[in-house]
Amino acid sequence: IIYHEEGGKMSRLYEIVTGIHGKKTLNTLRDSIKGLSTREHFQRLGQIARNAYAENPSKIAGTVKAVRDVIGNDIGAKVVISVPNGQILAEKTFNPRLGIVGGISIIGTTGIVRPMSDDAFKTSLLCGLDIAKGINFETVVLVPGNLGERSVLGLDNISKDQVVQISNFVGFMLDAVRERRFKKVMLAGHPGKLVKLLRGDFHTHSAVSKPANDILIDIIKRSVQSNAVNNELEGVSTVEGIVEVLKKYNILFVMNEVAECIEKKVIEYCSRGERPFAPAEVGVILFDMKGSIVGISGNALTCVNITKTR
């Protein structure tokens with residue numbers, strides 16, 4: 001919506017209606033905008049890092065040019081950008097994790113960001129670490145995906161801003177955690193992903209990393225001497241199924257040992273380079289598909305209680 005200034009009074013000059021994926025961006029306007037604050041100008045448009053508004057600079061430049069093409073260069077105009085229900089829509093996107101708060105973002109031509117390579121994808125994941133660091137969290141919680149995030153946010157003392165999705169790039173993100181000087185790191189997720197680390201697979205995509213069933217079964221066989229358990233495990237095809245067998249025989253405690261083994265492997269990985277983590281600064285939590293904890297390392301148990309300390 002373009003307002004025209006004349007004699008110190010702003011009056012509506014043009015109204016432009018567009019659509020974003022079927023969501024109308026029509027503004028509800030008032031006849032006069034005298035005293036209208038900057039925040040009101042950008043109703044329900046997200047802010048980046050609680051400062052600049054989340055609109056692509058090229059779109060702003062295009063808007064200015066389009067307005068100038070209509071009204072010329074000799075008069076002033078005020079442009080109001082507003083997205084009805086923008087704040088509600090934004091909660092369904094990745095915006096909060098990118099530091100865009102209070103509303104939706106306006107980017108590109110479709111409004112959708114598609115990383116087109118592993119490098120682009122990995123770079124996009126770093127935003128979560130930078131936000132956690134910017135808020136001064138000492139502890140960051142790395143999760144492979146939505147299951148880990150939902151599950152860990154169900155625990156006490158975990159803030160959403162310190163939970164970062166890492167997809168399959170465990171090693172890359174651990175390196176990034178170290179570079180950003182976080183004091184503590186927890187890994188939380190399904191054992192189907194995290195047990196792969198025991199094989200040394202810090203890139204856990206199925207294209208380059210085999211299923212973790214065999215590793216988990218080997219640990220169970222060393223810990224529990226039971227023919228009945230071993231025979232049943234041989235017929236199970238998934239890690240979740242293995243966990244269910246452990247529950248059935250009341251030997252789920254083995255998963256705590258698994259979590260400890262993963263923790264040691266992560267510490268080994270993080271001990272490389274100029275700034276290694278001390279052993280007490282790494283923890284592991286394992287969840288089943290229902291979001292229940294099935295295994296937790298001792299360091300993680302301690303870390304959960306103090307993880308919001310800044």
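In what follows, every heavy atom counts, from backbone to side chain, and hydrogens, waters and symmetry copies are set aside.
Expressed to the nearest 0.5 Å, how far CZ of Arg222 lies from CD1 of Ile217 amounts to 12.5 Å. Expressed to the nearest 0.5 Å, how far SG of Cys261 lies from CG of Asn256 amounts to 11.0 Å. Rounded to the nearest 0.5 angstrom, Ser151 OG and Ile158 CD1 are separated by 12.0 Å. Within the model, atoms CZ of Phe137 and CG of Leu129 stand 13.0 Å from one another, a figure rounded to the nearest 0.5 Å. Of the inter-residue distances, the one linking Ile219 atom CD1 with Ile262 atom CD1 reads 7.5 Å to the nearest 0.5 angstrom. Here the CG-CG distance, from Leu125 to Leu142, works out to 10.5 Å after rounding to the nearest 0.5 Å.
At least one side-chain heavy atom of Phe172 sits under 4.5 Å from a side-chain heavy atom of Leu126. In this structure the side chain of Val245 never reaches within 4.5 angstrom of the side chain of Ile242, judged on heavy atoms. Within the 4.5 Å cutoff, side-chain heavy atoms of Leu197 are placed close to those of Phe202. No side-chain heavy atom of Leu194 sits under 4.5 Å from any side-chain heavy atom of Thr204. Looking only at side-chain heavy atoms (C-beta outward), Phe287 and Val143 stay at 4.5 Å or farther from each other.
Under the 4.0 Å criterion applied to side-chain N and carboxylate O atoms, Asp69 and Lys65 are assigned as salt-bridge partners. A salt bridge does not link Asp201 with Lys210: none of the charged nitrogens is closer than 4.0 Å to a carboxylate oxygen. Ionic pairing of Asp175 and Arg178 is present here: one or more N-O contacts between side-chain nitrogen and carboxylate oxygen are shorter than 4.0 angstrom. Ion pair Lys248/Glu232 flagged as a salt bridge, since at least one NZ, NE, NH1 or NH2 atom sits closer than 4.0 Å to an Asp/Glu carboxylate oxygen. Using a 4.0 Å cut-off between charged side-chain N and carboxylate O, Arg199 and Asp214 make a salt bridge.
With hydrogens and angles ignored, the 3.5 Å screen pairs a side-chain donor or acceptor of Tyr269 with a backbone N or O of Gly171. Ser297 contributes no side-chain N or O that, together with a main-chain N or O of Gly283, makes up a donor-acceptor pair within less than 3.5 Å. When atom types are taken as modelled, the side chain of Asn230 and the backbone of Ser226 share a donor-acceptor pair closer than 3.5 angstrom. With hydrogens and angles ignored, the 3.5 Å screen pairs no side-chain donor or acceptor of Asp288 with any backbone N or O of Glu240. Within the 3.5 Å criterion, the main-chain N or O of Ser159 finds a donor-acceptor partner in the side chain of Gln162. Lys183 contributes no side-chain N or O that, together with a main-chain N or O of Glu281, makes up a donor-acceptor pair within less than 3.5 Å.
In this structure, Phe121 and Phe169 have perpendicular ring planes: the angle between them is above 60°, well past the 30° mark.
The two residues Ala212 and Pro191 make their nearest non-hydrogen contact at CB-O, 4.5 Å.
For the residue pair Glu257/Ser223, the side-chain donor-acceptor check at 3.5 Å is satisfied. Using a 3.5 Å distance cut-off with no hydrogens or angles, the side chains of Asn299 and Glu260 do not pair a donor with an acceptor.
Put simply, the residue from Leu286, Val294, Val239, Val243 that forms a side chain to side chain contact (heavy atoms under 4.5 Å, CB included) with His190 is Val239. Screening Lys122, Lys193, His203, Lys196 for a side chain to side chain donor-acceptor pair (under 3.5 Å) with Asn168, the sole residue that qualifies is Lys193. Each of Leu216, Val224, Ile251 was evaluated against Leu246; a single residue qualifies, Ile251, per the side chain to side chain contact (heavy atoms under 4.5 Å, CB included) test.
Hydrophobic clustering keeps Val195 apart from Leu147 (ILVMFWY residues linked when any side-chain heavy atoms are closer than 4.5 Å, directly or through intermediates). Met289 and Leu187 are assigned to two separate hydrophobic clusters, defined by single-linkage of ILVMFWY side chains at heavy-atom distances under 4.5 Å.
Around the NZ atom of Lys264, the shell of radius 6.0 Å holds no more than 12 heavy atoms that belong to other residues, nucleotides or ligands.
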